[in-house]
Amino acid sequence: MGAAVQDQEGKSFFRSILASMEDVYLSRNRTAKAILELVGSANNDQICYDHLAFRTFGVNGHGIDSLARFFLDFGYTQREELRFPAKKLKALWYSPPDVPYLDSGSRVNGPLPRIFISELLVDQMSPKTQEIVRKYTEISGTGNKHAALASALGSLTWEKPKHSEFEELARESEYAAWTLVNGYAVNHVTISAHRLKSHLRDIKSLDRFIEDNGFKLNSEGGVLKVSPDGLLLQSSTVADTISFQFSDNIKDSVPCSYIEFAERLLLPQYKNLPENEVKEFHRRDGFEVGNADKIFESTSKDQLSRIAA
């Protein structure tokens with residue numbers, strides 16, 4: 001088999017794993033599914049993803065590296081680290097390789113998305129939280145080596161927890177509780193607003209469109225999160241909830257995932273570039289701690305209570 005053919009098959013395999021991750025995400029998150037259909041119908045089914053995000057436990061090899069290995073194997077490049085001291089989190093993001101895609105390709109079949117992976121700094125948590133997290137990551141055994149597979153299958157690599165353990169984690173860290181019941185599942189996908197072809201390419205118009213169709217947006221720090229340089233604009237819905245049966249047979253609704261929107265404005269040196277010449281590398285890249293910190297709140301109890309209200 002020629003190297004070119006092998007390379008093509010590798011890329012096809014990679015996109016099929018992304019598609020499986022997306023399928024799990026859409027099957028559990030009715031809001032994300034509905035919004036993708038809405039935006040797609042207004043935009044001739046052309047949607048590009050800015051990034052996919054994942055959450056992990058930073059302990060026993062179950063943190064960022066457990067998922068990053070898969071993306072690095074397929075040509076992604078590690079970029080900056082972000083720190084969130086109040087939430088006791090850190091994150092790394094990864095830029096995609098420059099690979100061909102169909103001009104008609106949408107979502108996981110369009111331009112490859114950036115990848116954003118965060119981890120809970122477990123050693124900084126209370127002894128009780130550490131005990132619970134370590135219990136389940138130890139049950140997982142070598143499950144951390146199959147993080148991408150777990151995400152694509154929608155499976156936990158550890159046993160379902162007790163309801164009381166979920167509640168215990170939620171009291172200290174909503175992030176920890178979320179990760180305990182969702183594992184390596186996609187935490188959110190992000191629509192690239194500026195890559196839309198319709199009037200929705202302006203994120204303020206997109207936000208209005210989403211709200212006019214009856215969906216709640218995360219209001220933490222204002223609906224629109226703006227980076228200090230004014231060039232990265234982000235917003236997100238409030239997470240859906242899903243019924244979860246705990247190991248002690250208690251059923252309860254737990255936060256699932258949400259969908260985000262991002263507009264990356266032109267870097268100052270390219271502001272006079274004709275629109276038909278603008279490429280993604282002419283725009284603001286990377287992430288912003290202040291924005292991401294507020295986006296994390298999309299799965300918080302405060303934001304979820306707005307849905308119930």
Side-chain angles (χ1 to χ4, degrees), residues 6-26 32 47-84 89-102 105-120 137 140 142-157 175 178-179 182-192 195 234 257-260 262 264 280-281 283 285-288 292 295-296:
Q6 283 182 315
D7 192 43
Q8 193 52 48
E9 288 187 352
K11 287 168 186 163
S12 174
F13 169 75
F14 178 74
R15 287 196 188 269
S16 70
I17 295 294
L18 287 189
S20 295
M21 291 175 173
E22 182 191 43
D23 285 346
V24 170
Y25 167 81
L26 294 175
I47 292 175
C48 298
Y49 286 151
D50 180 88
H51 64 275
L52 307 185
F54 303 85
R55 295 180 175 185
T56 68
F57 287 131
V59 67
N60 298 335
H62 284 76
I64 292 169
D65 290 347
S66 62
L67 259 175
R69 279 193 295 267
F70 172 72
F71 295 100
L72 292 169
D73 283 348
F74 285 92
Y76 273 72
T77 303
Q78 182 180 311
R79 303 294 294 276
E80 291 84 26
E81 180 182 292
L82 293 85
R83 289 271 176 171
F84 305 87
L89 306 174
K90 81 169 185 178
L92 284 168
W93 75 274
Y94 301 80
S95 57
D98 186 15
V99 298
Y101 60 91
L102 293 173
S106 184
R107 293 169 24 186
V108 295
N109 293 310
L112 287 177
R114 297 166 185 82
I115 299 297
F116 183 95
I117 310 173
S118 55
E119 70 177 30
L120 182 73
T137 54
S140 173
T142 58
N144 59 318
K145 293 181 180 176
H146 310 289
L149 180 61
S151 182
L153 292 175
S155 302
L156 292 174
T157 61
Y175 181 107
W178 189 97
T179 307
N182 289 283
Y184 291 111
V186 171
N187 176 256
H188 64 270
V189 307
T190 301
I191 293 176
S192 179
R195 280 176 147 161
Q234 293 168 274
S257 303
Y258 56 96
I259 188 164
E260 187 191 322
R264 297 178 182 274
E280 190 72 1
F281 68 82
R283 297 180 181 276
D285 204 0
F287 293 85
E288 190 64 45
I295 295 286
F296 274 126

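The analysis underlying the following values was restricted to heavy atoms, covering all of them including side chains, and did not include hydrogens, waters or symmetry mates.
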> Are S192 and D50 linked by a side-chain donor-acceptor pair shorter than 3.5 Å?
Replying inline: no
>> Would the distance check show the side chain of E119 and the main-chain N or O of K90 forming a donor-acceptor pair, the cut-off being under 3.5 Å?
In response: no
> Is the backbone of L92 close enough, under 3.5 Å, to the side chain of S118 for a donor and an acceptor to pair up by distance?
Replying inline: no
>> Can you confirm whether the side chains of H62 and S140 place a donor and an acceptor under 3.5 Å from each other?
In response: yes
> Do E22 and R15 sit within salt-bridge range, that is, some charged N less than 4.0 Å from a carboxylate O?
Replying inline: no
>> Whether R195 and E280 form a salt bridge (side-chain N of Lys/Arg under 4.0 Å from carboxylate O of Asp/Glu) is what I want to check.
In response: yes
>> So that I know where these two stand, are Y94 and F71 an aromatic pair - ring centroids less than 6.0 Å apart?
In response: no
> So, for L52 and P113, which heavy atoms are closest and what is the spacing to 0.1 Å?
Replying inline: CG-CG, 3.9 Å
> Side chain of R264, backbone of G286: donor and acceptor closer than 3.5 Å?
Replying inline: yes
> Quick one: does N144's side chain have a donor or acceptor within less than 3.5 Å of a partner on G61's backbone?
Replying inline: yes
> Under 3.5 Å, side chain of Y25 to main-chain N/O of Y258, donor-acceptor pair present?
Replying inline: yes
> Is a side-chain donor or acceptor of Y175 paired with a backbone partner of R55 at a separation under 3.5 angstrom?
Replying inline: no
> Would the F116 and W93 ring centres measure less than 6.0 Å apart?
Replying inline: no
> Is the side chain of S151 donor-acceptor paired with the backbone N or O of A148 at a distance under 3.5 Å, no angle test?
Replying inline: no
> Just by distance, with hydrogens left out, do S155 and Y184 show a side-chain donor and acceptor under 3.5 Å apart?
Replying inline: no
>> For F70 and F14, I'd like to know if the aromatic rings sit close, meaning centre-to-centre distance below 6.0 Å.
In response: yes
